Amino acid sequence: MTTVTEDVSLQGLRDALGVLKDREQVALRLLESSAKHSFDPDRELDWDAPVEEGKWFWPPELVSLYGTPLWKKMPEEQRMDLARHEAASLASLGIWFEIILMQLLVRHIYDKSVTSAHVRYALTEIADECRHSMMFARMIQKGGAPTYPVTRLNHNLARILKTVSTTPGSFACTLLGEEILDWMQRLTFPDERVQTIVRGVTRIHVVEEARHVRYAREELRRQMVTAPRWERELTRLSCGEAARVFSLAFVNPKVYSDVGLDRREAVAQVRASGHRREVMQTGAKRLTDFLDDIGVMRGVGRRLWRSSGLLA
């Protein structure tokens with residue numbers, strides 16, 4: 001196989017995790033994997049199959065109120081209804097996030113060689129994300145729950161992020177949005193208690209997102225070694241703030257009133273829930289360990305991560 005080698009001056013770069021891999025070789029491997037393991041959700045999944053009675057739309061242990069006093073009072077039907085609405089909320093958040101990610105990727109490759117494997121893989125990932133967004137939208141419709149957009153404030157904060165984010169900041173935020181949901185989906189797709197269509201959606205997303213995470217991790221490592229000091233500091237700050245916003249937006253509080261619960265009481269119990277805190281921190285641990293290793297989790301940024309509840 002013929003590979004395109006990057007600038008000699010960038011070879012042999014090293015961080016705390018070891019020598020960085022050649023950017024073009026990483027992209028070529030990811031392109032090979034994409035050719036073998038990519039899916040068309042419209043063809044792959046049976047969207048016409050009926051919703052299965054007695055099955056969950058999200059594993060109960062991953063529902064935000066699981067184990068709280070309010071959860072223990074709720075009848076099983078209401079618990080399953082909350083899971084259905086939370087699945088729609090997470091899918092809505094995923095669509096919002098992937099639209100942001102696609103724009104950040106386009107910005108990343110705008111001034112790079114259009115014939116490079118690195119750019120070709122970025123375009124492949126954008127195509128994946130387009131399919132994922134449409135797949136999530138179909139899943140919301142299939143479940144019969146409403147969409148749950150983020151708040152107007154967070155919607156507009158994302159406009160700012162898309163405009164001013166540095167390259168390392170973009171990839172750090174990319175990993176934040178991908179890795180926690182990926183951990184939850186890895187628990188979901190093998191779970192036979194869950195609706196077949198939801199398991200199919202999460203399986204496709206897990207397989208394809210593994211490549212996206214690899215691409216983002218390799219590029220963030222490179223950026224944290226080569227970026228100027230001010231950009232690394234800004235990345236630490238913006239990543240910490242993104243973690244704080246992400247944790248607040250993870251489940252739209254409207255889901256509680258939509259299933260007949262008192263919204264304020266539900267939000268208070270979720271915030272006080274040791275189980276929920278453990279779920280979120282466990283889901284984030286692989287990411288926070290990685291970010292710590294490569295120097296992102298420092299200073300004010302680390303304090304913001306702690307305030308988000310995603311870092312123990």
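Remember, it's a predicted structure, so these values are computed and weren't measured experimentally.
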Specify the closest pair of heavy atoms between [X] and [Y], including all atoms of both residues, with the distance to one decimal.
X: Met139; Y: Ala87; value: CE-O, 4.0 Å
X: Asp191; Y: Arg193; value: OD2-NH2, 2.7 Å
X: Leu31; Y: Tyr121; value: CD2-CA, 3.8 Å
X: Asp258; Y: Pro146; value: OD2-CG, 4.0 Å
X: Leu70; Y: Gln269; value: N-OE1, 2.8 Å
X: Lys55; Y: Thr196; value: NZ-OG1, 4.3 Å

Are [X] and [Y] close enough for a salt bridge, meaning some N to O gap below 4.0 Å?
X: Arg298; Y: Asp292; value: no
X: Arg286; Y: Glu179; value: yes
X: Arg203; Y: Glu44; value: yes

Are [X] and [Y] joined in one hydrophobic group, where the rule is that I, L, V, M, F, W and Y side chains link up if heavy atoms are under 4.5 Å apart?
X: Leu234; Y: Leu157; result: no
X: Leu90; Y: Met134; result: no
X: Leu62; Y: Val206; result: no
X: Ile180; Y: Phe189; result: no
X: Leu181; Y: Leu248; result: no

Give every residue pair that meets the salt bridge (charged side-chain N to carboxylate O under 4.0 Å, His left out) criterion with at least one member in residues 233-245, sequence neighbours excluded.
->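 For residues 233-245, and leaving out neighbouring residues, the salt bridge (charged side-chain N to carboxylate O under 4.0 Å, His left out) pairs sorted by first residue read Glu233-Arg236, Glu241-Arg244.
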
May I have all residue pairs that pass salt bridge (charged side-chain N to carboxylate O under 4.0 Å, His left out) and include part of residues 271-282, sequence neighbours excluded?
->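 Output for this query is empty, none listed.
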
Using the six-membered ring wherever Trp is involved, compare the ring planes of His108 and Tyr215 and label them parallel, tilted or perpendicular (cut-offs 30° and 60°).
-> perpendicular

Quick one: sort the His132 and Phe136 rings into parallel, tilted or perpendicular, breaks at 30° and 60°.
->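 Rings of His132 and Phe136: tilted, as their planes differ by 30° to 60°.
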
Between His212, Arg131, Gln185, Arg186, which is the residue that forms a side chain to side chain donor-acceptor pair (under 3.5 Å) with His205?
-> Gln185

Is [Y] close to [X] at the side-chain level, that is, under 4.5 Å between some pair of heavy atoms?
X: Tyr66; Y: His275; result: yes
X: Leu45; Y: Met135; result: yes
X: Glu209; Y: Glu129; result: yes
X: Leu93; Y: Tyr148; result: no
X: Met297; Y: Thr288; result: yes
X: Gln195; Y: Val51; result: yes
X: Arg199; Y: Glu192; result: yes
X: Leu13; Y: Val19; result: no

Applying side chain to side chain donor-acceptor pair (under 3.5 Å) to Ser33 and not counting sequence neighbours gives none

Can you name the side chain to side chain donor-acceptor pair (under 3.5 Å) partners of Glu218, sequence neighbours left out?
-> Arg214

Any chance you could lay out the side-chain contact (heavy atoms from CB on, under 4.5 Å) test for Ile197 and Asp46, step after step, and finish with the verdict?
-> CA-CA 7 Å; Ile197 191 67; Asp46 185 0; 5.9 Å; no

Test Ser34 against Arg120 for side-chain hydrogen bond (donor to acceptor under 3.5 Å, both in side chains), laying out the working first.
-> CA-CA 11 Å; Ser34 297; Arg120 189 150 48 97; over 6 Å; no

Donor on one side chain, acceptor on other, Ser64 and Tyr256, under 3.5 Å | yes

Counting only pairs under 3.5 Å, give me each side-chain donor-acceptor contact of residues 167-178, with atom names and distances, residues two or more places apart or in other chains.
| from | atom 1 | to | atom 2 | distance (Å) |
| --- | --- | --- | --- | --- |
| Ser170 | OG | Ser165 | OG | 2.8 |
| Ser170 | OG | Thr166 | O | 3.0 |
| Thr174 | OG1 | Ser170 | O | 2.8 |

Residues that, via side-chain heavy atoms closer than 4.5 angstrom, fall in one hydrophobic cluster with Val300 |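 ILVMFWY cluster around Val300 also holds Leu237, Leu304.
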
Determine yes or no for a side-chain-to-main-chain donor-acceptor pair under 3.5 angstrom, with Lys142 supplying the side chain and Ala137 the backbone.
->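 Absent.
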
Taking it one step at a time, do Asp15 and Arg222 satisfy salt bridge (Lys or Arg N to Asp or Glu O under 4.0 Å)?
-> CA-CA 8 Å; Asp15 64 6; Arg222 179 175 301 277; over 6 Å; no

